[in-house]
Amino acid sequence: MSDFDETQDPHANDAAPYSGGDPYADYRSGDFPFTELVDLADRRLGAGVVAANDEFFAERENLLVRERAVFDPEHFGHKGKIMDGWETRRRRGADADNVFPAPEDHDWAIVRLGAPGVIRGIVVDTAHFRGNYPQRVSIQATAVEGSPSPADLADAKWEDLVPPTPVRGHAANGFRVDAERRYTHLRLCQHPDGGIARLRVHGEVVPDPEWLELLGTLDLISVLNGGSYEDASDKFYSSPTQIILPGTSRKMDDGWENRRRRVRGTNDWVRFRLAAQGAVRAVEIDTAYLKGNSAGWIALQGRNGETGEWFEIIPRTRLQPDTLHRFKLAAQAVVTHVRLDAFPDGGVARMRLHGTLTEQGASDLRARYAALGG
């Protein structure tokens with residue numbers, strides 16, 4: 001968060017005008033530990049920007065584009081400079097004697113989280129908005145089940161996550177969130193106006209336990225069902241969280257790929273936590289688009305509880321590149337955690353653990369859901 005005092009210099013947070021070359025050369029990045037968590041506003045999870053009061057210069061949908069914002073200094077349209085983000089027009093005052101907007105004036109966009117959950121941190125990225133970023137941002141959140149329309153959300157009870165706070169232009173602005181609540185929607189406000197390139201909302205998915213129980217058999221490790229990545233030996237090329245995203249991978253980097261391992265007798269691994277205790281009956285391991293760099297062999301272990309002993313689910317097994325592999329378990333594996341080992345290194349695109357919640361798992365999930373306001 002910025003420590004900028006606007007009473008001293010109202011332009012202290014500006015970036016220098018673009019002078020050519022790499023537009024990211026002077027970008028102000030940040031080290032935010034919460035970005036290790038899943039992005040609840042990921043389009044691949046079903047997130048969307050459902051409404052905005054103004055998007056005159058650049059469309060609200062750009063906020064959730066997965067790739068980082070691009071900048072083309074020659075890209076202009078009939079409304080002016082075309083930016084890769086959400087940008088509103090300049091606000092004006094009420095009359096000639098009051099040319100600046102009122103202190104309470106602001107623009108807003110409402111984001112539906114793809115996976116409702118507890119928010120641990122938010123990144124408001126103003127990449128390439130050097131002198132036309134908002135002076136401040138604020139963020140509110142609400143929990144409305146079902147598929148509410150923008151009109152329905154207007155009457156929702158919104159809770160403050162980030163009060164109006166100065167941000168820097170052409171920078172990643174991170175905000176830690178401490179609210180122990182489950183949210184479904186966010187409202188991002190620009191004070192009084194301006195442009196934001198990207199929005200990332202990191203946290204922990206909290207699924208609706210009633211829906212999971214209605215489904216019966218489900219993917220117990222899916223992000224949408226509350227599965228989460230805990231740790232990994234290597235995440236050089238991409239996040240292990242991508243292994244448990246919904247759908248099939250679309251290209252080589254849409255999965256987990258590690259660097260080439262050179263130390264004999266070692267291997268790469270990644271550990272996941274299920275939303276609650278489950279009984280696994282079948283496993284899928286997909287190496288889609290990983291043709292020359294898929295894992296050579298894999299093994300899968302599981303444990304029941306934080307201190308449970310690890311046991312074998314799938315022994316060391318050869319993988320084929322760019323192939324979906326299906327494993328039928330001889331007996332169901334009751335687990336809360338799994339560890340996928342890759343020998344000696346290489347990538348995995350997706351993993352699915354098909355099964356059901358146990359009675360204990362369903363009970364624990366209902367209790368957590370209720371405690372978080374569900």
Side-chain angles (χ1 to χ4, degrees), residues 1-3 30-43 45-52 63-64 86 104 106-126 134 136-148 150 152-167 172-191 196 198-212 223-230 241 273 275-276 364-374:
M1 297 177 64
S2 173
D3 57 2
D31 182 16
F32 310 116
F34 55 75
T35 57
E36 283 288 307
L37 300 172
V38 65
D39 180 4
L40 304 178
D42 192 328
R43 280 288 298 171
L45 303 183
V49 187
V50 299
L63 284 170
L64 305 188
W86 168 50
E104 67 274 11
H106 66 275
D107 293 317
W108 54 264
I110 295 177
V111 175
R112 178 190 66 243
L113 299 180
V118 178
I119 299 168
R120 299 301 185 191
I122 298 170
V123 177
V124 177
D125 187 353
T126 58
R136 301 182 189 86
V137 299
S138 65
I139 303 170
Q140 300 86 41
T142 191
V144 180
E145 299 303 325
S147 305
D152 296 329
L153 293 169
D155 298 324
K157 179 183 178 182
W158 292 90
E159 301 174 13
D160 288 330
L161 298 186
V162 179
T165 304
V167 292
N173 299 276
F175 304 92
R176 193 182 72 176
V177 176
D178 297 319
E180 290 292 331
R181 295 275 296 172
R182 177 183 185 270
Y183 296 111
T184 62
H185 294 77
L186 236 61
R187 183 167 61 194
L188 172 64
C189 300
Q190 305 194 65
H191 303 263
I196 295 170
R198 299 289 189 264
L199 177 71
R200 303 290 184 246
V201 185
H202 297 279
E204 302 161 8
V205 177
V206 180
D208 181 347
E210 181 182 6
W211 176 249
L212 296 191
V223 164
L224 286 175
N225 296 332
S228 60
Y229 142 72
E230 283 194 329
T241 293
R273 183 181 71 246
D364 291 345
L365 196 56
R366 285 194 296 268
R368 185 174 187 228
Y369 184 78
L372 295 171

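Numbering of residues begins at 1 and proceeds along the displayed sequence. Just so you know, these numbers use all the heavy atoms, side chains as well, and skip hydrogens, waters and symmetry mates.
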* Quick one: do the Q140 and S138 side chains pair a donor with an acceptor below 3.5 Å? -> yes
* Taking atom CZ of R176 and atom CZ of F32, what is their separation to the nearest 0.5 Å? -> 13.0 Å
* Would you indicate whether the side-chain heavy atoms of R112 and T184 approach each other to under 4.5 Å? => no
* To do: Start with the C-alpha distance between T35 and R200, add both sets of side-chain angles, then the distance that settles side-chain contact (heavy atoms from CB on, under 4.5 Å), and finish with yes or no.
  => CA-CA 8 Å; T35 57; R200 303 290 184 246; over 6 Å; no
* **Sole residue of V162, I196, V137 in side chain to side chain contact (heavy atoms under 4.5 Å, CB included) with V167** => V137
* To do: List the atom of A276, the atom of L365, and the distance in Å for their closest heavy-atom pair.
  => CB-CB, 4.3 Å
* Asked: Can you list the residues that meet the side chain to side chain contact (heavy atoms under 4.5 Å, CB included) rule with A109, with sequence neighbours excluded?
  -> V49, A52, L63, W86
* To do: Rounded to the nearest 0.5 Å, what's the gap from CG on L64 to CG on D39? Could you check?
  => 8.0 Å
* Asked: Where is the tightest heavy-atom contact between H185 and W158, given as atom of each residue plus distance?
  -> O-CZ3, 4.0 Å
* Asked: What distance separates K157 NZ from E159 CD, expressed to the nearest 0.5 Å?
  -> 5.5 Å
* To do: For the pair I139 and L188, evaluate side-chain contact (heavy atoms from CB on, under 4.5 Å) and give the outcome as yes or no after the intermediate values.
  => CA-CA 5 Å; I139 303 170; L188 172 64; 3.9 Å; yes
* With a 4.5 Å limit on heavy-atom distance, are the side chains of D42 and V223 in contact? -> no
* Asked: Residues two or more places apart in sequence or in another chain: which of them pass side chain to side chain contact (heavy atoms under 4.5 Å, CB included) with D152?
  -> P148, S149
* Output all residues satisfying ring pair (Phe, Tyr, Trp, His ring centres under 6.0 Å) with H106, sequence neighbours left out; order by chain, then residue number. => H191
* **Derivation and outcome, side-chain contact (heavy atoms from CB on, under 4.5 Å), residues I110 and L186** => CA-CA 6 Å; I110 295 177; L186 236 61; over 6 Å; no
* **Steps toward side-chain contact (heavy atoms from CB on, under 4.5 Å) verdict (L40, Y183)** => CA-CA 10 Å; L40 304 178; Y183 296 111; over 6 Å; no
* Shortest non-hydrogen contact from G48 toward R43 -> CA-NH1, 3.7 Å
* **Within-4.5 Å side-chain heavy-atom neighbours: T165 and N173** => no
Under 3.5 Å, which donor-acceptor pairs do the side chains of residues 202-212 form with other protein atoms, sequence neighbours left out?
{"from": "H202", "atom 1": "ND1", "to": "L37", "atom 2": "O", "distance (Å)": "2.9"}
{"from": "E204", "atom 1": "OE1", "to": "R120", "atom 2": "NH2", "distance (Å)": "3.4"}
{"from": "E204", "atom 1": "OE1", "to": "R368", "atom 2": "NH2", "distance (Å)": "3.0"}
{"from": "E204", "atom 1": "OE2", "to": "R120", "atom 2": "NE", "distance (Å)": "3.2"}
{"from": "D208", "atom 1": "OD1", "to": "E210", "atom 2": "N", "distance (Å)": "3.0"}

* Does the side chain of L199 come within less than 4.5 Å of V124's, by heavy atoms? -> yes
* Asked: What is the minimum heavy-atom distance between L45 and A115, and which atoms define it?
  -> CD1-CB, 4.0 Å
* Please tell me if the side chains of V123 and F34 come closer than 4.5 Å, counting only heavy atoms from C-beta onward. => yes
* **Partner set under side chain to side chain donor-acceptor pair (under 3.5 Å) for Y229, not counting sequence neighbours** => E36, K235
* To do: With sequence neighbours left out, write down each residue that passes side chain to side chain donor-acceptor pair (under 3.5 Å) with R273, or none if nothing qualifies.
  => S228, E230
